[in-house]
Amino acid sequence: MKYYTIHKFSKIVGKSPQTLRNWDKNGHLKPHHTGKNGYRYYSEDQVKEVLNIKISKTKNIIGYCRVSSNKQKDDLERQIENMQMYLISKGESFKIISDIGSGINYSKSGLKELISLINKNEVSKIVILYKDRLVRFGFELIEYFAKLNSCEIEVVDNTEKTEELELVEDLIQIVTVFSCRLQGKRANKAKKLIKELRNNDKNN
């Protein structure tokens, strides 16, 4: 690591030595260290910081896995195992983030952690086994947000479902969420609708 005296540093970043002393005093920018002679020394990273040059970070590859309910924990374990095998076969270093919750629930802890890491520019790639494992709706919005932070999303299985099957799955998710807020007859009607949708799905 290379270090610069306050006078050399001031010339590089285009600030006067007095400005740098004021920054040190008010805590805006402390020198990397102070020598035994009392001189302030600044690092190369601080040069980049002042000049707004992005310091390169080690970015993670995240394997994201999700199931809708606690009843599917076994499925989640298989999903995680498959994800690990896939990423290991690629020879990539990775981290697994998993969630249990609906694809239209955007408050899941794992999803929030993932969004936070993307926002900090700490993720190079998100890997999901199926597109709807990330979110049921709004995938394109998250994909766009990821791209803004130099992060790509890889979908392992891009097998397209029929429009009818996707519609049934989406309706079941939506009705299930909103039925939890209903009471009495309206709740019973919602449950009946969910049952009919599931039966139609099985018959088709």
Side-chain angles (χ1 to χ4, degrees), residues 28-29 44-73 75-181 197:
H28 180 68
L29 180 70
E44 288 181 295
D45 284 349
Q46 288 178 304
V47 171
K48 295 175 182 178
E49 180 182 345
V50 175
L51 295 178
N52 288 321
I53 299 174
K54 190 174 290 185
I55 301 171
S56 61
K57 297 179 180 178
T58 301
K59 300 180 74 173
N60 298 309
I61 292 175
I62 304 294
Y64 181 77
C65 304
R66 180 188 67 81
V67 293
S68 298
S69 68
N70 285 314
K71 295 178 181 179
Q72 298 172 300
K73 281 187 176 180
D75 182 41
L76 180 60
E77 290 178 5
R78 284 192 296 271
Q79 196 178 137
I80 291 172
E81 183 179 344
N82 290 336
M83 177 67 74
Q84 290 172 333
M85 290 174 62
Y86 176 77
L87 291 173
I88 289 172
S89 72
K90 293 285 185 178
E92 303 189 293
S93 177
F94 60 89
K95 174 182 178 181
I96 299 291
I97 293 178
S98 64
D99 262 330
I100 297 178
S102 166
I104 56 176
N105 172 8
Y106 299 95
S107 297
K108 298 185 295 293
S109 60
L111 182 61
K112 290 196 290 186
E113 179 187 357
L114 182 62
I115 295 297
S116 177
L117 290 173
I118 296 172
N119 190 50
K120 293 175 183 176
N121 199 34
E122 294 181 4
V123 184
S124 62
K125 183 166 65 175
I126 302 164
V127 182
I128 49 178
L129 295 180
Y130 304 97
K131 187 176 179 179
D132 64 2
R133 292 305 85 194
L134 186 59
V135 287
R136 175 67 64 176
F137 303 117
F139 177 89
E140 289 76 14
L141 182 60
I142 294 180
E143 185 177 42
Y144 176 68
F145 173 70
K147 285 181 179 178
L148 291 177
N149 290 276
S150 303
C151 172
E152 65 172 304
I153 299 178
E154 177 185 349
V155 181
V156 177
D157 188 343
N158 279 299
T159 304
E160 293 188 6
K161 300 175 183 177
T162 64
E163 292 183 4
E164 292 80 4
L165 182 56
E166 280 196 343
L167 179 60
V168 170
E169 290 180 346
D170 292 345
L171 285 172
I172 290 174
Q173 289 278 352
I174 293 169
V175 175
T176 299
V177 170
F178 284 99
S179 67
C180 295
R181 303 178 184 178
L197 287 169

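FYI, the numbering just counts along the sequence from 1. In what follows, every heavy atom counts, from backbone to side chain, and hydrogens, waters and symmetry copies are set aside.
Residues Lys59 and Asn121 meet the side-chain proximity criterion, which asks for heavy atoms closer than 4.5 Å. Asn70 is listed as a side-chain neighbour of Lys73, based on a closest heavy-atom distance under 4.5 Å. The closest side-chain heavy-atom distance from Lys90 to Tyr86 is below 4.5 Å. Contact of the Ile126 side chain with the Ile118 side chain is registered, since non-hydrogen atoms from C-beta on lie closer than 4.5 Å. When side chains are defined from C-beta on, Glu49 counts as touching Leu29, because their heavy atoms get closer than 4.5 Å. Between Ile153 and Phe139 there is a side-chain heavy-atom pair separated by less than 4.5 Å.
With salt bridges taken as basic N to acidic carboxylate O contacts below 4.0 Å, one links Lys131 and Glu140.
With sequence neighbours excluded, no residue forms a salt bridge (charged side-chain N to carboxylate O under 4.0 Å, His left out) with Glu81. Legend: residues meeting side chain to side chain donor-acceptor pair (under 3.5 Å) with Lys108, ordered by chain and number and at least two apart, are absent.
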Go through the steps for Leu117 and Ile97 under the test side chain to side chain contact (heavy atoms under 4.5 Å, CB included), then give the verdict.
CA-CA 11 Å; Leu117 290 173; Ile97 293 178; 4.1 Å; yes
Stepwise, does the side chain to side chain contact (heavy atoms under 4.5 Å, CB included) test hold for Val135 with Leu111?
CA-CA 9 Å; Val135 287; Leu111 182 61; 4.1 Å; yes
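Of the candidates Asn119, Asp99, Leu134, Leu134 is the only one forming a side-chain contact (heavy atoms from CB on, under 4.5 Å) with Leu114.
When atom types are taken as modelled, the side chain of Arg133 and the backbone of Tyr64 share no donor-acceptor pair closer than 3.5 angstrom. With hydrogens and angles disregarded, no donor-acceptor distance shorter than 3.5 Å links the side chain of Glu122 to the backbone of Asn60.
Dense packing is recorded around CZ of Phe145, with more than 12 heavy atoms of other residues, nucleotides or ligands lying under 6.0 Å away.
Considering every non-hydrogen atom in both Gln79 and Leu129, the closest pair reads CG-CD1, 3.4 Å.
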